[in-house]
Protein chains: 2
Amino acid sequence: MSRADLSSQTCTIARAVALVGDEWTFMILREMFLGHRRFDDFLRQTGMSSHLLSQRLKKLVAEGVICREAYSERPPRHEYRLTAMGRGLWPVVIAMKQWGDRWLGGGETPVEIVHKGCGRVSQPRMTCPECGEPMAAHDAAPRLSETFDKERQAARRQP
Amino acid sequence: MSRADLSSQTCTIARAVALVGDEWTFMILREMFLGHRRFDDFLRQTGMSSHLLSQRLKKLVAEGVICREAYSERPPRHEYRLTAMGRGLWPVVIAMKQWGDRWLGGGETPVEIVHKGCGRVSQPRMTCPECGEPMAAHDAAPRLSETFDKERQAARRQP
DNA sequence: GAGGTAACTTCATATTTAGAAGTAAGTCAA
DNA sequence: TTGACTTACTTCTAAATATGAAGTTACCTC
């Protein structure tokens, strides 16, 4: 199975990964959450090749994660912005940042997050909205839907 | 710049992405958080090639995200488990799942999360630990460290 | 001793990526 | 009014990476 086929799976993680789960797409998203919008900025700040950047931007536009807008008619100039769908990826990028800071950072934190609501530097964390407690891996038990469970049982029995 | 070079960047997101930011690594992590530990299970449930699976597992072991342990001496059999570092990736996978459910799921939720603490089905979300409020993209302002900011200004001026 | 299983490895082919170079439509400065 | 510069790309080729099929090792079970 190729990476592209992940998008047709039942699992929503697989679908999400097919769309935004590659290295350079993450780097583009990082730039967007840092406020950048232009092709050349993405190019210079990520270090990716222009060919790939072009491909990734097209894919993200086609899927509705970002949109392409003219900010000047003459000369014709365009920029890319996150849509609501794209802004929804903030927790993913932040979770990745927190993990990188904790396990790969060597004590330094290149980017801090200021919570506009309370004005403080914040290290956002996953919390259960039902009881308000913070959640980590050992606090959670996955429960598969019947359909999905059957699908996976079938996969187990494959050669 | 190649994908491998991301690991030597200052940005901790880039470093995290270099380590776990590819499609198949995400699929392996999904399986691990669903409780699977064996090579053949990963193979069947993810649909990836055995060659790649082998490479990815080696990389994750080498970096300390997972560990390889014998569960039988004769015949020699091994399984893979998440380390503390690996379990720390739970928020990333969950954030990805929430986003997939919201934007790509078509109304179905193949996996639900039960919070062991309160016993309820939970949709964990990012919260500011300083004030307890939920956080999303528009609530957050990034603040770059001086060193990192300079590095990025320099990148802007590159040809 | 035939068949099966877990956990891989090897190999040939196919696809994707990286890096360099090139292009179009304009602006700006002398 | 020409030549340099900018943004936002596209094209090209070589190199790296992924895929799928087949093979391997070391056992176990019937």
Side-chain angles (χ1 to χ4, degrees), chain A residues 1-8 17-19 21-28 31-32 36-62 66-81 155-159, chain B residues 1-9 14 17-19 21-28 31-32 36-62 66-81 155-159:
Chain A
M1 192 174 80
S2 97
R3 280 174 290 169
D5 302 323
L6 289 171
S7 62
S8 56
V17 162
L19 191 41
D22 72 282
E23 290 92 331
W24 294 121
T25 299
F26 265 106
M27 291 298 99
I28 294 170
E31 288 312 307
M32 297 198 108
H36 286 287
R37 293 176 183 160
R38 307 221 181 134
F39 194 94
D40 275 24
D41 281 332
F42 297 144
L43 207 56
R44 280 191 271 251
Q45 298 295 343
T46 65
M48 68 198 290
S49 74
S50 52
H51 180 53
L52 241 203
L53 174 57
S54 169
Q55 282 187 197
R56 289 291 185 271
L57 290 173
K58 270 186 193 142
K59 181 176 172 184
L60 292 172
V61 169
I66 62 178
C67 59
R68 184 174 185 269
E69 277 177 23
Y71 67 90
S72 148
E73 287 295 330
R74 19 199 53 249
R77 294 281 184 266
H78 296 90
E79 61 180 20
Y80 297 89
R81 289 161 173 272
R156 287 210 91 205
R157 288 187 293 272
Q158 290 304 117
Chain B
M1 192 173 80
S2 96
R3 281 174 291 169
D5 302 323
L6 289 170
S7 62
S8 56
Q9 295 210 342
V17 162
L19 191 41
D22 73 281
E23 290 92 330
W24 295 120
T25 298
F26 265 106
M27 290 299 99
I28 294 170
E31 287 312 307
M32 297 198 108
H36 285 287
R37 294 175 181 160
R38 308 224 179 131
F39 194 92
D40 274 24
D41 281 333
F42 296 145
L43 207 56
R44 279 191 272 252
Q45 298 295 344
T46 65
M48 67 197 291
S49 75
S50 51
H51 180 54
L52 239 203
L53 173 57
S54 171
Q55 282 187 198
R56 289 290 186 272
L57 290 172
K58 270 185 192 141
K59 181 176 172 184
L60 292 172
V61 169
I66 62 179
C67 59
R68 184 174 184 270
E69 277 178 23
Y71 67 90
S72 147
E73 287 295 329
R74 21 199 50 249
R77 294 279 185 268
H78 296 90
E79 60 179 19
Y80 297 89
R81 288 159 173 274
R156 288 210 91 204
R157 288 187 292 272
Q158 292 302 117

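Quick note on labels: first sequence line is chain A, next is B, and so on, each numbered from 1. Computed from a prediction, not measured in an experiment: that's the story for all the values here.
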- Message: Whole angstroms only, please: what is the CG-P distance between Asp22(A) and dT16(C)?
- Response: 12 Å

- Note on the structure: Looking only at dA18(D), dC9(D), dT9(C), the nucleotide nearest the Phe39(B) side chain is dT9(C)

- Candidate nucleotides dA8(D), dA7(C), dT10(D), ranked by approach to the side chain of Asp40(A) - the nearest: dA8(D)

- Message: For the residue pair Arg38(B) and Tyr71(B), would you count it as a cation-pi contact if the rule is NZ or CZ under 6.0 angstrom from the ring centre and within 45 degrees of the ring axis?
- Response: yes

- Message: Would you say that His51(B) contacts Gln55(B) through its side chain, given a criterion of any heavy-atom pair below 4.5 Å between the two side chains?
- Response: yes

- Query: Within less than 4.0 Å of OP1 or OP2 of dT10(D), is there a side-chain N or O belonging to Lys58(A)?
  - Reply: yes

- Note on the structure: Here the distance between atom C1' of dA8(D) and atom CG of Leu53(A), to the nearest Å, is 10 Å

- Please report, rounded to the nearest Å, how far the C1' atom of dA18(D) is from the CE atom of Met27(B). 17 Å

- Query: Which residue lies toward the 5' end of DNA chain D, Ala4(B) or Gln55(A), if each is placed at its nearest nucleotide?
  - Reply: Gln55(A)

- Message: Rounded to whole Å, how long is the line connecting atom CZ of Arg56(A) with atom C1' of dC9(D)?
- Response: 17 Å

- Taking only N and O in the side chain of Arg68(A), is any of them less than 4.0 Å away from OP1 or OP2 of dC9(D)? yes

- Message: At under 4.0 Å between heavy atoms, how does the protein contact nucleotides 18-30 of chain C? Give one character per nucleotide, 5' to 3', with B, S or -.
- Response: BBBB----SS---

- Query: To the nearest angstrom, how far is Leu57(A) atom CG from dT10(D) atom P?
  - Reply: 10 Å

- Task: Could I get the full list of salt bridge (Lys or Arg N to Asp or Glu O under 4.0 Å) partners for Arg81(B), not counting sequence neighbours?
- Result: Glu69(B), Glu79(B)

- By salt bridge (Lys or Arg N to Asp or Glu O under 4.0 Å), which residues pair with Arg77(B), not counting sequence neighbours? none

- Can you list the residues that meet the salt bridge (Lys or Arg N to Asp or Glu O under 4.0 Å) rule with Asp5(A), with sequence neighbours excluded? none

- Below 4.0 Å: OP1/OP2 of dT7(D) and any side-chain N or O of Tyr80(A): no

- Using whole Å, report how far CD of Glu79(A) lies from C1' of dA8(D). 13 Å

- Item | Residues in side-chain contact (heavy atoms from CB on, under 4.5 Å) contact with Ala62(A), at least two apart in sequence or another chain | none

- Could you state the NE2-C1' distance from His78(B) to dT25(D), rounded to the nearest angstrom? 13 Å

- Note on the structure: Sorted by chain and number, sequence neighbours left out, side-chain contact (heavy atoms from CB on, under 4.5 Å) with Asp22(A) holds for Trp24(A), Thr25(A), Arg56(A), Glu23(B)

- What's the CZ-P distance between Arg38(B) and dC8(C), to the nearest Å? 12 Å

- Task: Remember a base hit wins even if backbone is also touched, and classify Phe42(B) as base, sugar-phosphate or nothing at under 4.0 Å, heavy atoms.
- Result: nothing

